[in-house]
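Owing to the predicted nature of the structure, the values given are computational and were not obtained by experimental measurement. Every chain is numbered from 1 and lettered A, B, ... according to where its sequence line falls, protein lines coming before strand lines.
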Protein chains: 2
Amino acid sequence: MERMRDWDDLRHFLAVARAGSTLGAARALGVNQTTCARRIAALEAATAMQLFERRQAGYRLTEAGARLLALAERVEQEVRALEGALEAERRMLSGRLRATTNESIANAVLTPFLARFREAYPRIRVEVTITDRALELARGEADVALRAGRQPEAVGVAVRRICHLPWTIYCARDYAMRHGVPTSRAEIGGHAVIGGEGSVAKIAGVRWLEEAAAGVEVVSRSGSLTNMTAAAVAGIGLAALPCMIGDREPALQRCFPPVPGIGGDLWLVVREEARGVPHVRAFLDSLVADLAAVRAMLEGTAPGRD
Amino acid sequence: MERMRDWDDLRHFLAVARAGSTLGAARALGVNQTTCARRIAALEAATAMQLFERRQAGYRLTEAGARLLALAERVEQEVRALEGALEAERRMLSGRLRATTNESIANAVLTPFLARFREAYPRIRVEVTITDRALELARGEADVALRAGRQPEAVGVAVRRICHLPWTIYCARDYAMRHGVPTSRAEIGGHAVIGGEGSVAKIAGVRWLEEAAAGVEVVSRSGSLTNMTAAAVAGIGLAALPCMIGDREPALQRCFPPVPGIGGDLWLVVREEARGVPHVRAFLDSLVADLAAVRAMLEGTAPGRD
DNA sequence: GCTCCATTCTGCATTTCTGCCGAATGAGGT
DNA sequence: ACCTCATTCGGCAGAAATGCAGAATGGAGC
């Protein structure tokens with residue numbers, strides 16, 4: 001035989017051999033069944049050997065194929081070793097990186113993540129700026145930002161949607177015991193309501209609550225979601241909050257499922273120039289992997305898209 | 001980093017690391033330089049690591065890249081081992097195969113090849129039918145044929161051109177000493193000429209010689225090129241022969257370089273149905289590899305296409 | 001200082017690969 | 001006996017990878 005034309009065929013060979021079918025292998029590899037079948041066919045053609053028997057029930061290794069499997073596994077083992085080394089290499093990356101977000105997201109997402117990230121990449125120094133102002137990444141004020149709400153618009157940056165951020169109405173558990181819980185928008189009328197101030201007052205969820213409570217006294221106003229959360233925890237009244245925040249407070253409970261129409265999205269914004277830099281990539285990759293967990297948690301409890 | 005997306009990137013990585021440039025690697029791999037550059041870029045993007053420094057003089061490994069090289073070489077080693085096993089596996093192929101060709105090609109090409117082939121694939125039984133008749137492969141009279149001349153036409157077969165077969169005029173060395181050597185078509189007039197008979201008389205080269213020698217006695221006629229060769233060796237006169245045959249006779253010498261216009265081609269014909277069968281493939285692959293040597297020898301001495 | 005050469009990169013055309021869809025085929029369960 | 005399910009295979013359209021040609025760059029040799 002000539003030299004192996006495409007080492008990637010071995011990856012497919014292993015997957016098919018293990019799954020026992022091109023379909024199963026395709027699922028495992030995240031590709032189409034046809035692709036697996038074709039790569040096996042290509043490998044067999046290149047080597048002029050029959051590696052599998054085609055059956056209705058799937059692909060079964062021939063004797064020769066089975067003998068080859070062991071060898072292919074050794075190749076795989078070395079590839080895994082290389083991947084491991086690559087990972088180790090990567091953990092030695094160093095550099096400085098400036099991230100920014102608002103207080104709520106910092107508390108719920110970024111800060112917990114940073115703890116893990118520092119473990120994995122001790123030589124990457126991350127400086128976090130927590131502010132309500134949206135720093136201008138394009139001007140070099142920061143490299144990475146996490147933003148909530150509508151899709152951020154800016155030039156010179158790459159924007160990526162992470163997940164949906166459902167909102168709903170929360171109240172303290174002891175508030176619920178004392179005053180009961182509204183189970184629909186109509187029942188909000190009789191309750192004390194915590195409102196927003198400044199830019200916070202403009203948030204869809206906060207407006208929704210104030211409008212639902214039309215005529216009722218707003219007992220507290222705050223320009224910070226964190227503050228509003230604290231007010232709710234203190235049992236002052238109902239507050240509209242992102243589930244990402246409200247669910248993290250053991251003292252709070254949802255009044256009803258996430259409200260359609262008041263949710264936002266979580267966006268990851270990266271300065272275009274910083275995007276390709278290895279240690280920034282490492283940060284982003286880790287962050288995105290970490291956010292997958294947040295996403296899973298939220299989507300599990302979220303309604304459909306609103 | 002995620003899992004390695006494409007193991008074949010490692011092959012390119014190795015090639016570039018060794019060649020020191022994407023261009024050199026591309027040559028080694030038989031692909032385009034751009035492809036190498038792009039696969040390295042893809043690998044670096046996937047791993048978010050800089051593996052090479054781009055310079056005008058070429059690609060140079062970074063420190064991290066150099067550390068990875070050793071690992072990649074281990075992968076390669078395992079792939080080579082697998083290739084070896086595959087080859088060994090292949091040598092255990094068994095089966096029967098019928099080949100056919102004419103006497104000249106059998107002597108010059110097929111028989112010498114068969115000796116080597118039997119060593120490599122002891123369990124494949126090859127039956128050779130040497131005949132001037134063109135057996136009908138499509139009818140199952142044989143699986144593989146080697147043919148000389150014009151492109152064979154037939155249905156149900158795959159035809160592949162191996163190389164050009166130059167012809168020229170030969171005479172025995174001692175004939176040359178006794179009678180001199182014609183150095184052009186015009187000088188043939190005074191020499192004794194060996195002609196063909198039957199289908200051999202129709203071959204372009206044989207006709208060319210007889211026409212060049214118009215009026216001169218044809219001292220011998222034979223229906224077999226082998227016979228004509230023997231006659232030439234015996235010093236009877238000049239003979240038109242394919243260089244493939246004439247050059248193999250130490251007792252013969254070329255009168256002049258290959259004559260444009262009288263050459264043919266060597267064709268490999270395979271019965272369509274037999275093409276995919278492993279042991280036939282093994283035979284064909286070996287034969288083609290072997291013929292590359294024949295080709296190199298002939299093309300080295302051949303004129304341009306005629 | 002000049003040319004020549006090997007190299008990299010970019011934009012475009014083409015080939016190749018991949019995914020998707022539907023049909024066919026058996027096996028297994030009801 | 002029939003349905004359902006998992007599987008393979010073929011054709012087709014879109015996507016991705018590849019090759020090609022040209023421009024730019026910088027070093028080596030004359």
Looking at [Y] and [X], is any side-chain nitrogen of the basic one under 4.0 Å from a carboxylate oxygen of the acidic one?
X: Arg39(A); Y: Asp6(A); answer: yes
X: Glu44(B); Y: Arg54(B); answer: yes
X: Glu73(A); Y: Arg80(A); answer: no

Between [N] and [X], is there an OP1 or OP2 to side-chain N/O distance shorter than 4.0 Å?
X: Arg54(B); N: dA24(D); result: no
X: Tyr59(A); N: dC9(D); result: yes
X: Arg55(B); N: dC9(C); result: no

Quiz item: How about Glu272(B): does its CD atom have over 12 heavy atoms from other parts shown lying under 6.0 Å from it?
Solution: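 Count over threshold, so yes.
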
Self-check item: Closest non-hydrogen atom pair between His164(A) and Pro166(A), with its separation
Solution: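 Of all heavy-atom pairs spanning His164(A) and Pro166(A), the closest is O-CD, 3.4 Å.
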
Practice problem: Could you run through nucleotides 13-30 of chain C and give me one letter per nucleotide, 5' to 3': B if any protein heavy atom sits under 4.0 Å from the base, S if only the sugar-phosphate is that close, - if neither? | Solution: -----BBB----BS----

Quiz item: Going through the distances and angles, do Phe13(B) and Phe52(B) end up as a ring-ring contact (aromatic ring centres under 6.0 Å, His included)?
Solution: CA-CA 10 Å; Phe13(B) 170 74; Phe52(B) 292 94; 5.6 Å; yes

Separation of [N] [atom2] from [X] [atom1] (nearest whole Å):
X: Phe52(B); N: dT8(C); atom1: CZ; atom2: C1'; answer: 14 Å
X: Ile40(B); N: dT7(C); atom1: CD1; atom2: P; answer: 15 Å
X: Arg27(B); N: dG19(D); atom1: CZ; atom2: P; answer: 14 Å
X: Glu53(B); N: dT8(C); atom1: CD; atom2: C1'; answer: 15 Å

